[in-house]
There are 2 protein chains.
Amino acid sequence: MEDRQQHTEEEIRERLNQSGLKATPQRVLVYEAMCALGHASADAVFQHLGAGQGKMTLATVYNVLESMTQAGLLIRRPSFSSKMYFDVHTDAHCHIYQQDTSEISDFCDETLQRNVEARIRAQLPAGLQLDRVEIQILCHSQSHEA
Amino acid sequence: MEDRQQHTEEEIRERLNQSGLKATPQRVLVYEAMCALGHASADAVFQHLGAGQGKMTLATVYNVLESMTQAGLLIRRPSFSSKMYFDVHTDAHCHIYQQDTSEISDFCDETLQRNVEARIRAQLPAGLQLDRVEIQILCHSQSHEA
DNA sequence: AAATGTATTTATAATAATTCAAAATAACAA
DNA sequence: TTGTTATTTTGAATTATTATAAATACATTT
């Protein structure tokens with residue numbers, strides 16, 4: 001659904017290596033899962049894998065997500081629940097949180113993103129270096145009126 | 001520290017009533033704590049209260065935060081940890097997340113906020129009603145280079 | 001003031017999400 | 001192969017949150 005540009009196992013191995021991570025089977029599987037899911041919680045990745053044959057511990061999923069995040073292959077997404085979410089799309093982009101259905105979807109507007117970043121960078125307190133700007137759009141469907 | 005406009009017990013009682021909540025002592029205490037803290041997790045509120053004499057269960061803190069959120073007195077803040085945060089400032093405003101120290105601070109730019117909202121509203125998929133836009137600024141101090 | 005019904009709080013147990021520690025396994029280099 | 005290090009597994013430990021049932025407080029009517 002997301003931007004599906006052929007993520008062959010070879011490509012993934014290579015990407016892992018480039019980021020300084022050994023391409024273990026578990027890491028490849030988790031990365032594949034993340035590509036398929038776009039953004040997901042550790043548990044969601046675990047579920048997704050459970051369906052396949054690759055047996056893997058939940059702790060490993062956490063480990064792998066953590067090391068990939070360190071390596072810059074994933075980023076943590078802020079969430080409104082008490083659950084942590086990761087995203088394969090490491091470039092900044094907005095997210096729509098539909099509060100009545102709990103659905104999360106992407107919302108891309110590169111111009112907006114660039115403008116906001118520029119403006120914020122200009123006003124950032126001295127000594128701080130901007131990493132990225134996350135924009136979340138909270139909404140609900142018109143039928144479900146608040 | 002935040003915007004400290006006299007939050008007397010009477011004012012709080014009144015605000016609770018206006019929002020359709022009975023002004024129980026626990027609710028008053030939690031709201032006072034939230035005013036003092038600005039944004040906080042349930043646990044942080046509990047700690048803050050523990051210091052005082054008002055004995056209250058952690059479960060009550062959760063209950064109260066939840067009902068205040070329902071009533072519109074608080075909002076949930078997205079977080080990068082697996083912990084839920086609440087905020088007394090229900091008007092939309094940006095937050096700075098300093099990743100090396102985990103500090104969170106407010107960043108106000110009403111013009112930016114308005115512009116972003118307008119632009120997003122214009123592009124929102126049909127059938128969706130915009131509730132609010134949250135902007136998070138991730139950064140680190142220049143000394144701690146990534 | 002007593003009685004009633006409802007809302008709220010408490011205490012505690014249960015669940016969910018995450019992390020930790022130690023042993024087992026795999027990968028790698030000498 | 002052997003030794004070394006990184007990774008995964010298992011399972012327990014923590015942390016965060018929610019659920020349940022009993023106790024208490026509140027508000028209203030009598």
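Atoms considered below: every heavy atom in the structure, side chains included; atoms not considered: hydrogens, waters and symmetry mates. Being a predicted model, the structure only gives us computed values, none of them experimental.
- When R77(B), R76(B), R132(B) are each tested for a salt bridge (Lys or Arg N to Asp or Glu O under 4.0 Å) with D87(B), only one passes: R77(B).
- At whole-Å resolution of the value, CD in E66(B) and P in dT9(C) are 13 Å apart.
- D43(B) comes within 4.0 angstrom of no nucleic acid atom, judged by non-hydrogen atoms across all strands.
- No side-chain heavy atom of L128(A) sits under 4.5 Å from any side-chain heavy atom of H140(B).
- Between Q70(B) atom CD and dT8(C) atom P there is a gap of 12 Å when expressed in whole angstrom units.
- Regarding Y62(A), its OH atom lies at a distance of 5 Å from the C1' atom of dT18(C), rounded to whole Å.
- Between K83(A) atom NZ and dA16(C) atom P the separation is 10 Å, expressed in whole Å.
- Nearest-nucleotide positions on DNA chain C place K22(B) closer to the 5' end than the other of K22(B) and S41(A).
- When heavy atoms are screened at a 4.0 angstrom cut-off, T24(B) is found touching the sugar-phosphate backbone but no base atom.
- Remark: P of dT9(C) and CG of L65(B) are 11 Å apart, rounded to the nearest angstrom.
- Rounding to whole angstrom units, CG of residue L58(B) and P of dT10(C) are separated by 11 Å.
- A salt bridge links E10(A) and R13(A); the closest N-O separation between the charged side-chain nitrogens and carboxylate oxygens is under 4.0 Å.
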Evaluate side-chain contact (heavy atoms from CB on, under 4.5 Å) for D43(B) paired with V45(B), printing each intermediate quantity in order. CA-CA 5 Å; D43(B) 186 60; V45(B) 170; over 6 Å; no
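- In this structure, the CE atom of M84(A) is 18 Å from the P atom of dA16(C), given to the nearest Å.
- Comparing S82(B) and V64(B), the nucleotide of DNA chain C nearest to each residue sits closer to the 5' end for V64(B).
- Close to dT10(C), at under 4.0 Å from its OP1 or OP2, lies a side-chain N or O of Q26(B).
- Note: CG (L21(A)) to C1' (dT5(D)) measures 15 Å, nearest angstrom.
- Side-chain nitrogen and oxygen atoms of T57(A) include at least one within less than 4.0 Å of the OP1 or OP2 phosphate oxygen of dT10(D).
- Below 30°, between 30° and 60°, or above 60°: for H93(B) and H95(B) the angle between ring planes is between 30° and 60°, a tilted geometry.
- Within 4.0 Å (heavy atoms only), T60(B) reaches at least one base atom of the nucleic acid.
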